[in-house]
Amino acid sequence: MIFSFTRKLLQWHAANPRSMPWKNTKDPYKIWLSEIILQQTRVEQGWPYYERITKKFPTVKHLANAREEEVLKAWEGLGYYTRARNLHAAAKQIVNDPEGKFPSTYERILNLKGVGPYSAAAIASFAFDLPHAVVDGNVFRVLSRYFGINEAVDSAKGKKLFSELARQLLDKKNPADYNQAIMNFGALVCKPSTPECAICIFKKQCIAYKTDTVFELPVKSKKAAVRYRWFNFLVLENDKEVIIEKRTAKDIWKGLHQFPVLETVSYQAQSDFLKAWKQTAFFKGENIKVNGISKVIAHKLTHQTIFAQFISVPISAVKKPLPEGWLRIKKSRLKTFGFPVLISNYLAQFRNEEDGSK
DNA sequence: GAGACGTGGAA
DNA sequence: TTTCCAAGTCT
């Protein structure tokens, strides 16, 4: 049987087509790539990355054969960099598989690194027309409002309830269309803060609309606490060269690069920072003058606010051999490394000042 | 199961 | 300006 919700949703979808580059293909590689890019990411933000990455890595083999550095560089600026590292790992998983082709069952797709229940259902339906219902933020929102469900979507009970409901509502003859329809509907009509209830096809049935609880739904129980961190960057440089290092810890921006940093839990006066560094074994010990000090920059992220300051010091202030992990590179090569936006912004400003002074 | 993980657009 | 949050997954 097919529910009236499903029938009307499919009608809406047919009348409101939405063009996106990954919708012109049945290539599971490209569909998988688009789904990873779109995790927690707006279509408009992911679109250019999809174009760039499919051009750079046209097949899963190209991606698997790339170096992790290249993959991270391609992902630079998109955020949630674990996605890029998992994407790369999954590409290797796929090409090393004895069957030698993209996995084509829900369970095997789910087994790929970085692919959870949502992405597995999306890939299974879009690439292979398998009857699996997607459950993402759009689906939570649309279903919680339409059916007036106030169970928290991020609780175990809520997740189970919504998955089961989504499974029942799925048009099993048309899983790709149905999944695309409900996500588009959530993105274009049943929006989080500015839903288009006035023109909504479900105005007569929607419980939230009828009970004036549209803005209470969906219910989320968790609230992210914001943590504060202070990053004191040491920019060792001369006209031609600079020292950078790669972030390798299980922490934000893993795999990207930065300047050598001293992290503190509270504000660190620049003089104290310099004093601390000058006491390390790597400081040459001569009386070094500081080139310049940046203002404190507040970089606000979803779960933490990072206060950053950059202290520029002549590269000659550091003793050889360099500390483990430090890379002395030509400034012309900076563009070949991946950096978090915080660092990219600093570099861009630096370049602009250079240009401006000439 | 709670907490961690980025960025940029919209209100 | 600040706050919210977008096609989630991993640990």
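Residue numbers begin at 1 in each chain, while the letters A, B, ... track the order of the sequences. Computed over heavy atoms, backbone and side chain alike; hydrogens, waters and symmetry mates excluded.
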Rounded distance (Å) that lies between atom [atom2] of [N] and atom [atom1] of [X]:
X	N	atom1	atom2	value
I343(A)	dG6(B)	CD1	C1'	14 Å
K191(A)	dA10(B)	NZ	P	10 Å
Y49(A)	dG9(B)	OH	C1'	14 Å
R229(A)	dG6(B)	CZ	C1'	13 Å
F140(A)	dC5(C)	CZ	P	15 Å
D251(A)	dA4(B)	CG	P	10 Å
Q304(A)	dG6(B)	CD	C1'	9 Å
K250(A)	dG6(B)	NZ	P	13 Å

Closest listed nucleotide, where the reference is the side chain of [X] and the choices are [options]:
X	options	value
T194(A)	dG8(B), dG6(B), dA11(B)	dA11(B)
W253(A)	dG8(C), dC5(B), dG6(B)	dG6(B)
H303(A)	dA6(C), dT7(B), dC5(B)	dC5(B)

Taking the nucleotide of DNA chain B with the closest heavy atom to each, which residue, I252(A) or S193(A), is nearer the 5' end?
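Result: I252(A).
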Scan R18(A) against the nucleic acid and name what it touches under 4.0 Å (heavy atoms): base, sugar-phosphate only, or nothing.
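Answer is base: heavy atoms of R18(A) come under 4.0 Å of a base.
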So S155(A), base contact, sugar-phosphate only, or nothing? Heavy-atom distance under 4.0 Å.
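Nothing, no nucleic acid heavy atom in range.
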Within a radius of less than 6.0 Å around OH of Y267(A), do more than 12 heavy atoms belonging to other residues, nucleotides or ligands occur?
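Atom OH in Y267(A) is packed in, count exceeds 12.
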Do F259(A) and Y346(A) make the cut of ring centroids closer than 6.0 angstrom?
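Yes - the distance between ring centres of F259(A) and Y346(A) falls below the 6.0 Å cut-off.
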Show me the donor-acceptor pairs, under 3.5 Å and distance only, between side chains in residues 196-206 of chain A and residues at least two apart or in other chains.
| residue | atom | partner | partner atom | Å |
| --- | --- | --- | --- | --- |
| E196(A) | OE2 | K191(A) | NZ | 3.0 |
| K203(A) | NZ | A198(A) | O | 2.9 |

Applying salt bridge (Lys or Arg N to Asp or Glu O under 4.0 Å), name anything that partners K26(A), two or more places apart in sequence or on another chain.
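Expected list: D129(A).
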I need the full list of salt bridge (charged side-chain N to carboxylate O under 4.0 Å, His left out) pairs touching residues 86-101 of chain A, with sequence neighbours left out, sorted by first then second residue.
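Listed by first then second residue: D97(A)-R108(A), E99(A)-K101(A), E99(A)-R108(A).
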DNA chain C-proximal residues of residues 70-94 of chain A, any heavy atom under 4.0 Å:
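Per residue number, the list reads N86(A).
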Within residues 30-40 of chain A: residues closer than 4.0 Å to DNA chain C (heavy atoms):
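Output list: E35(A), L38(A), Q39(A), Q40(A).
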Tell me which donor-acceptor pairs under 3.5 Å the side chains of residues 305-316 of chain A have, and how far apart each pair is, sequence neighbours excluded?
| residue | atom | partner | partner atom | Å |
| --- | --- | --- | --- | --- |
| Q309(A) | OE1 | Q270(A) | NE2 | 2.9 |
| Q309(A) | NE2 | N232(A) | OD1 | 2.7 |
| Q309(A) | NE2 | Q268(A) | O | 2.8 |
| S312(A) | OG | E237(A) | OE2 | 2.6 |
| S312(A) | OG | N291(A) | ND2 | 3.1 |

Please tell me if K220(A) has a side-chain N or O lying less than 4.0 Å from either OP1 or OP2 of dA2(B).
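The answer is no; no side-chain N or O of K220(A) sits under 4.0 Å from OP1 or OP2.
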Any side-chain N or O of H299(A) less than 4.0 Å from the OP1 or OP2 oxygen of dT7(B)?
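True: H299(A) side-chain N/O within range (under 4.0 Å) of dT7(B) OP1/OP2.
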Between side-chain atoms of residues 181-189 of chain A and protein atoms elsewhere (two or more places apart, or another chain), which donor-acceptor pairs fall under 3.5 Å?
| residue | atom | partner | partner atom | Å |
| --- | --- | --- | --- | --- |
| N184(A) | OD1 | R18(A) | NH1 | 3.4 |
| N184(A) | OD1 | Q180(A) | NE2 | 2.8 |

Using the test side-chain contact (heavy atoms from CB on, under 4.5 Å), find all partners of K275(A) that sit at least two apart in sequence or belong to another chain.
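Partners of K275(A) under the side-chain contact (heavy atoms from CB on, under 4.5 Å) test: D272(A), Q279(A).
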Checking F102(A) now: which residues fulfil ring pair (Phe, Tyr, Trp, His ring centres under 6.0 Å) with it, not counting sequence neighbours?
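F102(A): ring pair (Phe, Tyr, Trp, His ring centres under 6.0 Å) contacts with W32(A).
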D171(A) versus T6(A), side-chain donor and acceptor atoms under 3.5 Å
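Result is no, nothing qualifies.
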Proximity to DNA chain B (any heavy atom under 4.0 Å), residues of residues 112-128 of chain A only
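Under 4.0 Å from DNA chain B: no residue of residues 112-128 of chain A.
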Quote, to the nearest angstrom, the P distance that separates dT9(C) from dG8(B).
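That atom pair is separated by 22 Å.
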Listed once per pair and sorted, the ring pair (Phe, Tyr, Trp, His ring centres under 6.0 Å) pairs that draw on residues 111-133 of chain A, sequence neighbours left out:
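Non-adjacent pairs meeting ring pair (Phe, Tyr, Trp, His ring centres under 6.0 Å): Y106(A)-H132(A).
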Under 3.5 Å, which donor-acceptor pairs do the side chains of residues 44-52 of chain A form with other protein atoms, sequence neighbours left out?
| residue | atom | partner | partner atom | Å |
| --- | --- | --- | --- | --- |
| W47(A) | NE1 | E51(A) | OE2 | 3.1 |
| Y49(A) | OH | E76(A) | O | 2.8 |
| Y49(A) | OH | L78(A) | N | 3.4 |

